[in-house]
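What follows is a set of notes on a single structure, which appears directly below.
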Amino acid sequence: MHSKTIRTRRLRPCPRKPPSTPPHHAHHDRNLLSDTSAPDDSDRTEIYDLLTAYAFGLDRRDFARVASVFTEDAEVHNVFDAYLPEGEKFSGLTTGGSAVADGARQLFSNLDATQHLLSAQSVDITDTDAKVSTQIVAHHHRGSDYYHTGGTYEDDLVRTLDGWRISRRTLRISWTTGSPQVFLAP
């Protein structure tokens, strides 16, 4: 038998671009930036960090952090696929980052643990806004009871003076396992 040698080549890392900063003459409308530099990798990183902050905020019960990822007039829609009977209890609209955080605080008050996992993501960025779709799996536990959900965050983001923020979110739940009673029982 002959052994075959495979040659490999070491790849050098690509240099990262420094984060872009908006020009000093940016027009301010409702705290939004309308004249900024073209989107780049730093925008994607900031958006990823924003969505991760939301997930960690929920799981660590840091509701100020949860509120901070949204604009104050953000609209958040929870939508369950029609075949899921519990959708009637959990579907609805919440307006404003503070209201989203308060709703999460109330909903999670009876839970012992949660874990929100973000996975595949699609990001489309323009100068002033972005559309992001992120697959999620959320685990909710109380004692030995659980309720797991899977679906997608469909987010519209805007670039503000404080960075990217979610202005509209639709949480589309496509599957569940376990019992939603973990949220409802005292």
Side-chain angles (χ1 to χ4, degrees), residues 32 39-108 111 113-142 145-160 163-184:
L32 305 180
D40 60 22
D41 286 341
S42 67
D43 289 309
R44 289 183 186 282
T45 300
E46 186 179 340
I47 289 169
Y48 176 80
D49 289 349
L50 182 78
L51 300 179
T52 302
Y54 174 79
F56 277 119
L58 290 175
D59 295 336
R60 294 176 180 166
R61 306 301 188 263
D62 182 351
F63 297 108
R65 191 174 190 186
V66 170
S68 75
V69 306
F70 294 96
T71 62
E72 198 45 52
D73 61 348
E75 292 184 352
V76 178
H77 299 262
N78 290 334
V79 179
F80 281 64
D81 279 358
Y83 79 95
L84 298 168
E86 66 268 30
E88 291 180 23
K89 290 181 180 137
F90 297 109
S91 292
L93 169 67
T94 305
T95 303
S98 296
V100 171
D102 290 343
R105 180 183 290 110
Q106 291 173 7
L107 188 63
F108 291 2
L111 299 179
T114 60
Q115 186 176 39
H116 291 76
L117 306 171
L118 309 177
S119 62
Q121 191 174 67
S122 170
V123 180
D124 183 25
I125 304 171
T126 68
D127 287 348
T128 58
D129 60 15
K131 293 201 177 295
V132 182
S133 180
T134 307
Q135 292 180 337
I136 61 114
V137 174
H139 300 269
H140 310 93
H141 289 262
R142 188 176 66 202
D145 295 326
Y146 64 90
Y147 184 57
H148 299 170
T149 60
T152 308
Y153 291 141
E154 300 290 342
D155 294 326
D156 292 342
L157 285 79
V158 293
R159 190 189 306 263
T160 72
W164 289 100
R165 295 295 180 265
I166 299 169
S167 62
R168 181 177 171 85
R169 165 171 279 177
T170 301
L171 168 56
R172 296 190 187 284
I173 298 296
S174 54
W175 63 265
T176 65
T177 185
S179 172
Q181 288 301 112
V182 299
F183 289 113
L184 306 174

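The model shown is predicted, which means the values in this text are computed figures rather than measured ones.
Contact of the Leu51 side chain with the Asp155 side chain is registered, since non-hydrogen atoms from C-beta on lie closer than 4.5 Å. Side-chain contact between Leu184 and Lys89 is present, with at least one heavy-atom pair separated by less than 4.5 Å. Counting heavy atoms from C-beta outward, Asp102 and Thr94 have side chains that stay 4.5 Å or more apart. Put simply, the side chain of Thr149 does not reach to within 4.5 Å of the side chain of Val137, judged on heavy atoms. Between Leu157 and Ile47 the shortest side-chain heavy-atom distance falls below 4.5 Å. Between Tyr153 and Ile166 the shortest side-chain heavy-atom distance does not fall below 4.5 Å.
With a 6.0 Å radius and a threshold of 12 heavy atoms from other residues, nucleotides or ligands, Phe63 has its CZ atom above the threshold.
A salt bridge is defined here as a Lys NZ or Arg NE, NH1 or NH2 lying under 4.0 Å from an Asp or Glu carboxylate O, and Asp43 with Arg159 meets this definition. By the 4.0 Å N-to-carboxylate-O rule, Asp156 lies close enough to Lys131 to be salt-bridged with it. Ionic pairing of Arg142 and Asp145 is not present here: no N-O contact between side-chain nitrogen and carboxylate oxygen is shorter than 4.0 angstrom.
Between Tyr83 and Trp175, the closest heavy-atom pair is OH-CA, 3.5 Å. Smallest separation of non-hydrogen atoms from Ser98 and Glu72: OG-OE1, 3.4 Å. Closest heavy-atom contact between Thr114 and Leu58: OG1-O, 4.0 Å. In terms of heavy atoms, Ala53 sits closest to Val69 at CB-CG1, 4.2 Å. Nearest heavy-atom pair, Arg165 versus Ser68, reported as atom, atom and distance to 0.1 Å: NE-O, 2.9 Å. Closest heavy-atom contact between Gly151 and Ser174: CA-OG, 3.8 Å.
Between the side chains of Tyr147 and Glu86, at least one donor-acceptor pair of N or O atoms lies under 3.5 Å. For the residue pair His77/Arg168, the side-chain donor-acceptor check at 3.5 Å is satisfied. A donor atom on one side chain and an acceptor atom on the other are not found under 3.5 Å apart for Gln121 and Ser133. Asp129 and Thr126 share a donor-acceptor pair across their side chains, judged by distance under 3.5 Å alone. At a cut-off of 3.5 Å, with distance as the only test, no side-chain donor of Ser91 or Asn78 sits close to an acceptor on the other residue.
His140 and Tyr146 have their aromatic ring centers separated by at least 6.0 angstrom.
In this structure, Arg169 forms a cation-pi arrangement with Tyr54, its terminal cationic atom sitting closer than 6.0 Å to the ring centre and no more than 45° off the ring axis.
A distance-only check finds a donor-acceptor pair linking the side chain of Asp59 to the backbone of His116 [under 3.5 Å].
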